[in-house]
Amino acid sequence: MAEETQPAAVLPREPLHTVEAEAATLDEPEPALPMRRGFRSRLPKNRWLRWATYVVGFLVAWPIVMTLVYAVVPPPFSNIMLLRALSGNGIDKQWVSLDDISPALPRAVISSEDARFCQHNGVDWIEFQGVIEDAMDKDEAPVRGASTIPMQTAKNLFLWDGRLAIRKLIEMPLALWMDFVWSKRRMIEIYLNVVEWAPGVYGAEAAAQHHFRKSAKKLTKKEAALLAAVLPNPIKRNAGKPSKGVRGVANRILVRMAGMGPYLTCLER
């Protein structure tokens, strides 16, 4: 007689709520491990680095943006003015348009400081190459500089005084940018209004009043040449009471001014 087949055992089914609870438990993320002390110690450094990035970004953006602003708005002050004020000098300045400045003054300043002002694009590469050649000549120390009026304007508005090479490296791209944005008339107008002509005396109008007791519009060719002669060192040189050396420099500037006409067409309207 065949053995009877035993029916398969039927396992009891777990309640549905128990299965769902176990699934939810499996889906829960594992608790985060405690943050290591080494990583915590790096957080302040990251914060300082972030703030340093913001500061550097601001310093880079400031001259770029303000160059656009100064294309239509007179600069209220310059970095050099603020730095001089911190050292105890006052700020005597008064903005005047280029039309209210004697034509002799821009002619004298360009003749003295930047003879190729109308020809270059902010940097005088011809003069710059000459300075490099002088510097590479071991038998002769460099006796000239390659600073243009746009470079001088960049220094006055946004940088600092001194002979650090890094300042020159910053000046050059700034000068190219400013020369691209501004007309030549605007460039010389801003330069003549922010440059220092005596301790704490800035701009052509303040300089004319300080040295000659007259407005900038009434300056003579000789007075303009004297003002241009003191620009390399307005702290020690005096246009109103010129030394023999300053008078000699002014006379040489007067000679140059006589032949500068063809090279100043960029100042015409």
*Would you kindly say whether His120 and Asp114 are connected by a side-chain donor-acceptor distance under 3.5 Å?*
yes
*Check whether any side-chain heavy atom of Leu267 lies under 4.5 Å from a side-chain heavy atom of Ile110, and answer yes or no.*
yes
*Is there side-chain contact between Asn238 and His211, with at least one heavy-atom pair below 4.5 Å?*
yes
*Does the Asp179 side chain pair with the main chain of Pro150, one donor and one acceptor, at a distance under 3.5 Å?*
no
With a cut-off of 3.5 Å and sequence neighbours excluded, list every side-chain donor-acceptor pair involving residues 58-79.
| residue | atom | partner | partner atom | Å |
| --- | --- | --- | --- | --- |
| Thr67 | OG1 | Pro63 | O | 2.6 |
| Ser78 | OG | Met81 | N | 3.2 |
| Ser78 | OG | Asn156 | O | 3.3 |
| Asn79 | ND2 | Phe158 | O | 2.7 |
| Asn79 | ND2 | Leu159 | O | 3.3 |

*Would you say the side chain of Glu113 lies within less than 4.5 Å of the side chain of Tyr191, judging by non-hydrogen atoms?*
yes
*asked:* Once rounded to the nearest 0.5 Å, what's the spacing between atom OG1 of Thr265 and atom NZ of Lys184?
replied: 10.5 Å
*Approximate separation, where rounding is to 0.5 Å, of Leu83 CG and Asn89 CG*: 11.0 Å
*asked:* Can you tell me how far apart CG (Leu157) and CE (Met178) are? Round to the nearest 0.5 Å.
replied: 5.5 Å
_Closest approach of Ile101 to Ala204 (non-hydrogen atoms, all atoms of both residues)_ = CD1-CB, 4.0 Å
*State, yes or no, whether a side-chain contact exists between Asp99 and Arg185 at a heavy-atom distance under 4.5 Å.*
yes
*asked:* Within a 6.0 Å radius of atom CD1 on Ile166, are there more than 12 heavy atoms belonging to other residues, nucleotides or ligands?
replied: no
*For residues Gly122 and Thr148, report the shortest heavy-atom separation together with the two atoms involved.*
O-OG1, 2.7 Å
*List for me each residue that meets side chain to side chain contact (heavy atoms under 4.5 Å, CB included) alongside Arg213, sequence neighbours excluded, and say none if there are none.*
none
*With a 4.5 Å limit on heavy-atom distance, are the side chains of Lys155 and Trp160 in contact?*
no
_Could you tell me if the side chain of Pro103 sits less than 4.5 Å from the side chain of Arg107, heavy atoms only?_
no
_Within-4.5 Å side-chain heavy-atom neighbours: Ile235 and Arg84_ = yes
_Carboxylate-amine/guanidinium proximity below 4.0 Å for Glu223 and Lys214_ = yes
*asked:* Quick check: do Tyr202 and Gln94 have side-chain heavy atoms less than 4.5 Å from each other?
replied: no
*Any ion pair linking Lys218 and Asp100 (charged N to carboxylate O, less than 4.0 Å)?*
no
*Can you tell me if Arg237 uses its side chain to pair, donor with acceptor, with the backbone of Pro232 under 3.5 Å?*
no
*In terms of heavy-atom contacts, does NZ of Lys222 have more than 12 from other residues, nucleotides or ligands at under 6.0 Å?*
no
*Got a sec: does the CZ of Phe212 have more than 12 other heavy atoms crowding it under 6.0 Å?*
yes
_Exercise: identify the closest heavy-atom pair between Ser112 and Ala228_ = OG-O, 3.9 Å
